[in-house]
Amino acid sequence: MSIVLVFLALLMGAVVWWLVKQTINVQPWVAHPATDSVRDEGIRSPITSKPLSNIKIGLGVFLAVATSLFALFISAYSIRMEYPDWRPITEPALLWTNTAILVLSSVFLQWGWVGAKRGNLQTVWLGVGIGGAFSIAFIFGQWTAWEQLASAGFFAIGNPAIGFFYVLTGAHALHLIGGLVALSRTVSRLWRRQDMESIKVGVELCAVYWHYLLVVWLILFGLLLTT
Amino acid sequence: MSETTAHDAVDFAPPAEVGEMELYHAKTWIGKYVWSQDAKVIAIQYGITAIAIGLVALVLSVIMRLQLGFPNTFSFIDPSNYIQFVTMHGMIMVVYLLTALFLGGFGNYLIPLMVGARDMVFPYLNMISYWVYLAAVLILVASFFVPGGATGAGWTLYPPQAITEGTPGSDGGIILMLLSLGVFIIGFTMGGLNYVVTVLQARTRGMSLMRMPLTVWGIFVATILALLAFPALLVSAIMMLLDKLIGTSFFMPAMVSLGEQTAYDGGSPILFQHLFWFFGHPEVYIVALPAFGIVSDLLSTHARKAIFGYRMMVWAIVAIGGLSFIVWAHHMYVSGMNPYFGFFFATTTLIIAVPTALKVYNWVLTLWRGNIRLNVPMLFAIGFVFTFINGGLTGLFLGNVTVDLPLSDTYFVIAHFHMVMAVSPVLVIFGAIYHWYPKITGRMYDDGLAKVHFWLTFLGTYAIYYPMHYLGLEGIPRRYFAYGDTAFMSESSQDLNAAITIAAIVVALAQLFFIYNMIVSYFRGKKADPNPWEATTLEWQTADNPPKHGNFGPELPAVYRWAYDFGVPGAADDYIPQNVPPKDVKKA
Amino acid sequence: MVFAIVLILLIFGSLLFHVVSPWYLTELASNWSTIDFTLDLTFWVTGVVFVAVNLFMAYAVIKFRYNRNRRSEYKPEDKKLEGWLTGITAVGVAALLTPGLFVWADFVTVPEDAHVVEAVGQQWNWSYRLPGEDGKLGAVESRFISDDNPFGMDADDPDGQDDVLITSQTVHVPLDKPVKFNLRSLDVLHDFAVAQFRVKMDLVPGLVSYLWFTPTRTGSFEVLCEEHCGLAHFAMRGMVVVDEQADYDAWLAAQPTYSEILAMKAGDPSVGEGTYAVCVACHGAAGEGNQALNGPKLAGQEGWYMRRQLQNFKSGARGAHEDDETGKQMAAMAGMLVDDAAIENVIAYIETLPDNPPPTTIVGDVASGEKIYRNCSVCHGVNGEGKAATRAPRQAGMSDWYIASQLKKFRDGIRGAHPDDDFGMQMNLMAAILQTEDRVNDVVAYINTLSGKKPQQVATRENH
């Protein structure tokens, strides 16, 4: 439970700090012209100081929700792990390969994003296409790992570690599949030759989401390996 | 005090940096009113669906009260369906009515209008969110009709009993309940993204955070809570589904079930309770915070006075929201968890009482030296304050771990949570619907019928839940089909139960006045002024009444002042709308 | 104005209600007067706040009602006032929390000399275990639980041999001695709650929770399960009897230990055959029953159920009600069984008798009966086969007219209302849903369609 509480404390802390900064010395019934622009109070990128677009903030909020979900799963896992009947399992070696594939798909999507920033459609196609293909390979790889575990006689029932393995990898995979749906919309924009700006937005959001899921996977994989 | 505030300063709303959003304007009737991307239409869809399912839950509660008031008189109520009705009544009311109505209903309608936006920032996603919510409702209703019927595990769905044989609905019923909750959470996340990002990004020029009305603050913070807390419910639902469907033991310990050994081993029922209440406590603030925000605006507008202590009110909402994440185990004092946790959670729970109390003082101080118009929304708003004081104070009994020992799982708990969740916020819902009715429909409701509705509901609900606390003090337990003869439950407590049942039936019937008023006034009500209450917030300053798609006509308003310029010294009128520039204010 | 008057009436009405209410905490029977004190303190503090804030509001509603020629005061904030209000509230809250935490510290610290009792909860009855002479409770495990070993005792653990096992719903404790209840569940969540002792705690399968108190007066105090545990949650009730030391000692001496139970000899059917001779007239030579003489079929019924009923008849827990004619007859008959051995013998004999389907005499609406029976199946089994764990006898394939008459007796309180009839009380509560003769007949007609077969054992933890 403490993992979730730490995550929440950090998030709440950030939210409260930002809100207080916006509101602390303001007496709204008295006007303060200098700070009255809505843009001053909108969220700005910490890197470029330019206002962030709605869709980026939307993704950010969604990532906070997903983090809450994964943190809670991890919390439940750590609590359950403490009980006397815990029997660690050996993860299929295939998972290492899958991890490499996922890293590659993130790399390619990043490349595609860079290409979009430079206006190079060729790069975008390659990045999105290969990145997407590797992600699909990852999903198939994860499914195969499940089958390997099942055929080795590990059904979900007997061992709580197995149950959690399926739940954690399954939650991650479902989020990745959702990302593939979003990626297909970007591909459709590319196909219909829409303007570079909307393609760039699509690729950028997908790349950020992929990097996020990669980090989540590395944490989950690390947790599964070490317990 | 110096009266030369900057209300009289020069026009100071700089031009917007970011262009306006493009709205999708539907051409067909279906596109405008069914598959609508207009947040106002979506709001009404949420509202009607939530109220409809809420009426179903209301009927269930009347059936429960019939058994409690007149035990074993009605052959259609037996122990099996009684506990199914108890469960479904609870889950529908908390999640499918209150959460959906406050956030999906009021949030969708009021946020864009009050912050000066044309619509929510992701209108397509917003539209999908409603249909997902509807699907969740339909899945829930379907659970009544599967073999075994709906789940009878109590709205809290505790394992192991929720999925074992001795509980009604432990097959299809619980599975559909968990699926429905999962679908609801997905739909709610789609909506929640909209509400949060719209408040952060789509405020019009000059609408700083501290100029937003408290209604928006309440719904905004509630949405953040929901986005972070609902995943806990999703996690516990998924794990319980796995325990049920494939026999994992996340929550299921080594146990026998009705004398037969089971294959479960090693799981922890208390883990479920931690996860559930980690969601469950913020959930009650998800219901309460929008009510707090809305009632502040009702009180302020109808008392013709600025809400007292606006800044403190904002910080209190944020503080309550943050603190709500660290009080959850006050629902678990007698759960068998490590008893030392009781010290921590009792302390945090009583700390959260402080910002809540401050809000109550500020509401009352708003009335002090105001100029109070006792119209129907105001009656409901004051009714809220009265009943919320009662319900909030009884929380101090239950939050204090020791006092909770004799009171936990008795009718004291039921009385407390109904007072703070069912009576107070519902009074706000009614007040808010009457208040915004002229804006949503362009017509006025019938005042006489509304007053009858108010008096019956306010007095009736108080008559139900105030005496109920005393049944709990006597030790009468909750979730009991019948009491039989015991030494400590007095005979007269049965008479009190009968009286409470009569009051409940009266209150339930009284809602017919409301439904009738809403429907008939829509067709035959007097055409309303665009701003009949002389309110300051932006939704009352729209070009059309009711507002069309796009809300504000060709040009978005610019905001020059906060939402509470009532009784400003030196102004001719007793209110100044937010979008009136200082140079246009009529001087006295 | 009217509204303000109504508010004031509600304020004082609420106060008045509190003062005259006959519904309040039941008379304390334990040492936890500090809980009562904290509760009363909370009432005082919250009562003052309730009256003060609401009166202030009502006054404001009167004094500041709308006047077109007046303006409200323009005062967005008053930091000093808000500061004071925060401070006073914080002090008030601390004043409530502090005693509460001190008392809680007492609750979590069990006195060293506390007398230990284990309360075992399962759907839907209580049983108890005492540590016996060695002062230690023997090991128990869920996988050992069976109809023959309802406590799940580990037979190999020597500490368990002298454990006192109590399967009745009632447990005794000595007056003025602190007692710690270890709470153990065999299946789902339950809660052990006694209103007069003020304390309660959930039972959680997989762990042992506890509560403690010192009883301060003698009497019988109902134990209610207060964590919703399934269909018959409301019928799961026990009793704690507080005795003077001498009475407690007498009670304790009469309870069996685990080793005594293990050593109990099975009944001898050949001796039982002789004992059964006096039963033949009413119950039939083959135990098939005789409706004319009000003797139900016995063959095929569970031995543990017959044992309990014979003991109830002997002790007067059953059959003593003035309106129970046939019960009184059986009480006299049961009186002829001189001791427990006689009971075991006759039961052993009855268990050898052939189990043939009895004639069907009751007519009713089977579909309606099925709906009613869903309330019965959790204890009596989907096939009406009965379950030892829920203490519910077999119904299917037994005398239907007898079931009908007993249901009516339970509903009317003629059977089951005696305080020593542990499970009769549950049937009183359940049978209350059979408001009419038709409903009785419907459910019995449905029972007549049931097979009485025990379902397959599903899975055990040893399977994988």
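The chains referred to below are lettered A, B, ... by the order of the sequence lines, with proteins before strands, and numbering in each begins at 1. All values below were derived from every heavy atom in this structure, side-chain atoms included, with hydrogens, water molecules and symmetry-related copies excluded.
- Of the atoms belonging to C:F144, it is backbone heavy atoms, and not side-chain ones, that fall under 4.5 Å from chain B.
- Counting only heavy atoms from C-beta outward, the side chains of C:P205 and B:M252 never approach each other to under 4.5 Å.
- Between C:R143 and B:D265, no side-chain nitrogen of the basic residue sits less than 4.0 Å from a carboxylate oxygen of the acidic one, so the salt-bridge criterion is not met.
- Both the backbone and the side chain of C:K200 come within contact range of chain B, each with at least one heavy atom under 4.5 Å from a heavy atom of that chain.
- Within the 4.5 Å cutoff, no side-chain heavy atoms of C:W23 are placed close to those of B:P467.
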Let me have the donor-acceptor pairs involving side chains of residues 398-408 of chain B, under 3.5 Å, with sequence neighbours excluded, atom names and distances please.
residue, atom, partner, partner atom, Å
B:N400, ND2, C:L96, O, 2.8
B:T402, OG1, C:G100, O, 2.4

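- No side-chain heavy atom of C:E77 sits less than 4.5 Å from a side-chain heavy atom of B:Y310.
- For a residue to count as touching a neighbouring chain, one of its non-hydrogen atoms must lie under 4.5 Å from one of that chain's; by this rule C:L207 touches chain B with the side chain only.
- By the 4.5 Å heavy-atom criterion applied to side chains, B:I270 and C:D202 are not counted as neighbours.
- For a residue to count as touching a neighbouring chain, one of its non-hydrogen atoms must lie under 4.5 Å from one of that chain's; by this rule C:S72 touches chain B with backbone and side chain alike.
- With a 4.5 Å cut-off on non-hydrogen atoms, C:F50 touches chain B through its backbone and its side chain both.
- Of the atoms belonging to C:V204, it is side-chain heavy atoms, and not backbone ones, that fall under 4.5 Å from chain B.
- With a threshold of 4.5 angstrom between heavy atoms, C:S21 approaches chain B through side-chain atoms but not through N, CA, C or O.
- Only the side chain of C:T390 comes within less than 4.5 Å of a heavy atom in chain B; its backbone stays farther off.
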Practice item. Go through the steps for B:F488 and C:L224 under the test side-chain contact (heavy atoms from CB on, under 4.5 Å), then give the verdict. Key: CA-CA 11 Å; B:F488 68 94; C:L224 262 56; 3.8 Å; yes
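- Interface remark: C:Q196 contributes side-chain atoms only to the contact with chain B (heavy atom separation under 4.5 Å).
- With no hydrogens or angles considered, a side-chain donor-acceptor pair links B:Y470 and C:H18 at under 3.5 Å.
- The parts of C:R70 that come within reach of chain B are both its backbone and its side chain, each placing non-hydrogen atoms under 4.5 angstrom from that chain.
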